Participant: 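Pasting a structure below so you can have a look.
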Amino acid sequence: MGRLSGKVAIVTGGAQGIGRGIAEVYAEAGAAVAILDWDVEAGKAAASELGLLFIEADVSDEPSVEQAVERVVSELGALHILVNNAAVFVLKGLEASVEDWQRVMAVNIMGPALVAKHAVPHMRRAGGGAIVNVGSVSSFIGQKGMLTYNATKAAIAEMTRCLALDLVDDKIRVNAVCPGAVWTSQVQRMAKEKGLTREQAALLPDLGAAQMMKRIADPHEIGYAALFLASDEASFVTGANLMVDGGWTAL
């Protein structure tokens with residue numbers, strides 16, 4: 001029996017990167033997993049390769065979210081776990097436009113709130129469950145030129161605490177996993193543009209030069225932390241922001 005056997009999970013932004021790593025780990029642990037993503041090509045590819053359900057959805061659009069969640073429950077029978085991973089990387093400072101702010105807040109803050117809004121009633125009917133938000137090391141540290149992104153990730157940390165308190169009587173635990181630098185497609189593209197290997201990229205300031213382990217994580221390493229938070233092994237854990245950052249914030 002897997003650690004998530006009999007459970008149904010939604011992973012937003014699960015087509016690639018951290019989301020895909022979490023979806024794969026959850027499936028290996030026995031969960032029936034639905035990937036929600038607006039990238040149809042990558043979503044279909046991931047679902048086909050991993051044997052999962054893919055549903056096109058825009059987490060910043062409430063009708064899209066509501067329809068996607070209803071389809072998950074209709075096709076998979078219930079909902080026990082929600083992973084709020086979908087995010088956009090708008091990395092700007094004070095030069096950010098109103099449109100930049102609206103986009104990053106709509107996806108990174110409003111998105112998790114909307115998906116939780118429509119997922120929670122189904123989780124209540126299932127007798128409880130777990131929400132795992134994907135925060136970041138950027139939820140807790142200052143980073144030059146990243147005002148827009150870091151502000152949204154700081155909001156996720158507080159959203160996690162507030163939702164945990166709001167949903168504790170429903171037996172729904174709410175926690176966040178907070179990665180440091182992860183070898184996602186975006187980080188790989190950045191490294192390639194600069195002509196850097198993975199090991200060299202790990203020495204850049206915004207990719208963990210100051211962290212203990214001096215390396216970039218694999219998406220599955222974040223997936224295993226998210227697996228713990230979703231499993232019954234974390235039955236007494238709620239409102240926590242679990243750092244999975246190679247020791248970055250410990251120094």
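All values reported here derive from a predicted model rather than from experimental measurement.
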Participant: One thing to verify: whether K117 and E62 come together as a salt bridge, which I'm taking to mean a side-chain N less than 4.0 angstrom from a carboxylate O.
Facilitator: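 Counted as a salt bridge, because a side-chain N and a carboxylate O are separated by less than 4.0 Å.
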Participant: Under 6.0 Å from the CD atom of E95, do we count more than 12 heavy atoms belonging to anything else shown?
Facilitator: yes
Participant: Give a yes or no on whether M110 and Y149 share a hydrophobic cluster (residues Ile, Leu, Val, Met, Phe, Trp, Tyr; joining criterion: side-chain heavy atoms under 4.5 Å apart).
Facilitator: no
Participant: Please evaluate residues I55 and V72 with respect to the criterion side chain to side chain contact (heavy atoms under 4.5 Å, CB included), reporting the C-alpha separation (whole Å), side-chain torsions for both, the decisive distance (0.1 Å), and the verdict.
Facilitator: CA-CA 8 Å; I55 300 174; V72 171; 3.5 Å; yes
Participant: Closest approach of A57 and S64, non-hydrogen atoms and distance?
Facilitator: CA-OG, 3.3 Å
Participant: After noting the C-alpha distance and the side-chain angles of D232 and S235, does the key distance pass the side-chain hydrogen bond (donor to acceptor under 3.5 Å, both in side chains) rule?
Facilitator: CA-CA 5 Å; D232 290 340; S235 58; over 6 Å; no
Participant: Testing I131, V8, D170, I81 one by one against M123 for a side chain to side chain contact (heavy atoms under 4.5 Å, CB included), which residue passes?
Facilitator: I131
Participant: Are there over 12 heavy-atom neighbours, none belonging to M212, within less than 6.0 Å of that residue's CE?
Facilitator: yes
Participant: Please assess I156 against I109 for the test side chain to side chain contact (heavy atoms under 4.5 Å, CB included), listing each intermediate value before the final yes or no.
Facilitator: CA-CA 7 Å; I156 289 296; I109 301 176; 5.6 Å; no
Participant: Among N241, V83, N85, V174, whose side chain to side chain contact (heavy atoms under 4.5 Å, CB included) with N133 holds?
Facilitator: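 Only one option passes, and that is V174.
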Participant: Using the side-chain hydrogen bond (donor to acceptor under 3.5 Å, both in side chains) rule, take E70 and H118 through it: C-alpha gap first, then chi angles, then the decisive distance, then the call.
Facilitator: CA-CA 8 Å; E70 291 297 331; H118 290 283; 6.0 Å; no
Participant: Same cluster or not: F228 versus I222, using hydrophobic residues (I, L, V, M, F, W, Y) connected whenever any side-chain heavy atoms lie under 4.5 Å apart?
Facilitator: yes
Participant: Is it the case that over 12 heavy atoms from other parts of the model lie below 6.0 angstrom from the NZ atom of K214?
Facilitator: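 More than 12 within 6.0 Å, yes.
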Participant: Decide, yes or no, whether a salt bridge links R71 with E66 under the criterion of side-chain N to carboxylate O below 4.0 Å.
Facilitator: no
Participant: Report, as yes or no, whether the 6.0 Å neighbourhood of atom CG on L251 holds more than 12 heavy atoms from other residues, nucleotides or ligands.
Facilitator: yes
Participant: Please give me the minimum heavy-atom distance between L4 and S231, naming the atom from each residue.
Facilitator: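 Closest heavy-atom pair between L4 and S231: CD2-CA, 4.0 Å.
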Participant: Hydrophobic clusters here meaning ILVMFWY residues chained together by side-chain heavy-atom distances under 4.5 Å, can you tell me if Y26 and L242 are in one?
Facilitator: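 Per the 4.5 Å side-chain linkage, Y26 and L242 are co-clustered.
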Participant: I would like to know whether F54 and V40 meet side chain to side chain contact (heavy atoms under 4.5 Å, CB included); could you show each step before the answer?
Facilitator: CA-CA 9 Å; F54 167 68; V40 175; 4.3 Å; yes
Participant: Given side chains that start at C-beta, do those of E24 and H220 come closer than 4.5 Å, heavy atoms only?
Facilitator: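 A side-chain contact exists here, since the closest heavy-atom pair is under 4.5 Å.
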Participant: So, do L207 and M190 sit near enough that their side-chain heavy atoms are less than 4.5 Å apart?
Facilitator: yes
Participant: Would you mind reporting whether E56 and Q67 have side-chain heavy atoms less than 4.5 Å apart?
Facilitator: no
Participant: Which atom pairs, donor and acceptor, lie under 3.5 Å between side-chain atoms of residues 177-187 and protein residues at least two apart or in another chain?
Facilitator:
from : atom 1 : to   : atom 2 : distance (Å)
T184 : OG1    : V187 : N      : 3.4
S185 : OG     : Q16  : OE1    : 3.4

Participant: Is there side-chain contact between V134 and I22, with at least one heavy-atom pair below 4.5 Å?
Facilitator: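 Touching, per the 4.5 Å side-chain cut-off.
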Participant: Within a strict 4.5 Å, meaning less than it, do heavy atoms of the M105 and T148 side chains meet?
Facilitator: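 They are not in contact (no side-chain heavy atoms under 4.5 Å apart), so the answer is no.
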Participant: Applying a strict under-4.5 Å side-chain criterion to I, L, V, M, F, W and Y, I'd like to know whether W248 and L203 cluster together.
Facilitator: no
Participant: Measure across A87 and K153 and return the closest heavy-atom pair with its distance rounded to 0.1 Å.
Facilitator: CB-NZ, 4.2 Å
Participant: Going by an N to O cut-off under 4.0 Å, is there a salt bridge joining E233 and R3?
Facilitator: yes
Participant: Determine whether Y224 and V244 satisfy the following criterion, side chain to side chain contact (heavy atoms under 4.5 Å, CB included), listing intermediate values before the conclusion.
Facilitator: CA-CA 10 Å; Y224 291 122; V244 190; over 6 Å; no
Participant: To the nearest 0.5 Å, what is the distance between NE2 (H80) and CD1 (I172)?
Facilitator: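 With rounding to 0.5 Å, NE2 (H80) is 11.0 Å from CD1 (I172).
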Participant: Check the hydrophobic clustering (I, L, V, M, F, W, Y; side-chain heavy atoms under 4.5 Å; chains of links allowed) and say if L76 and L79 are grouped together.
Facilitator: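 Both belong to a single hydrophobic cluster.
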Participant: State plainly whether the residues R161 and E158 are in salt-bridge range, i.e. N to O under 4.0 Å.
Facilitator: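 Here R161 pairs with E158 in a salt bridge, since their nearest N and O are under 4.0 Å apart.
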Participant: Are V132 and N175 packed together at the side-chain level, in the sense that at least one heavy-atom pair is separated by less than 4.5 angstrom?
Facilitator: no
Participant: Scan V107, T12, V59, D61 and name whichever one has a side chain to side chain contact (heavy atoms under 4.5 Å, CB included) with W38.
Facilitator: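 Of the listed options, the one satisfying the test is V107.
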Participant: Check whether any side-chain heavy atom of M243 lies under 4.5 Å from a side-chain heavy atom of F140, and answer yes or no.
Facilitator: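 SC-SC contact between M243 and F140 confirmed.
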Participant: Taking C-beta and beyond as the side chain, do Q211 and D245 meet within less than 4.5 Å on heavy atoms?
Facilitator: no
Participant: In this structure, which one of L36, V115, V69 forms a side chain to side chain contact (heavy atoms under 4.5 Å, CB included) with L82?
Facilitator: V115
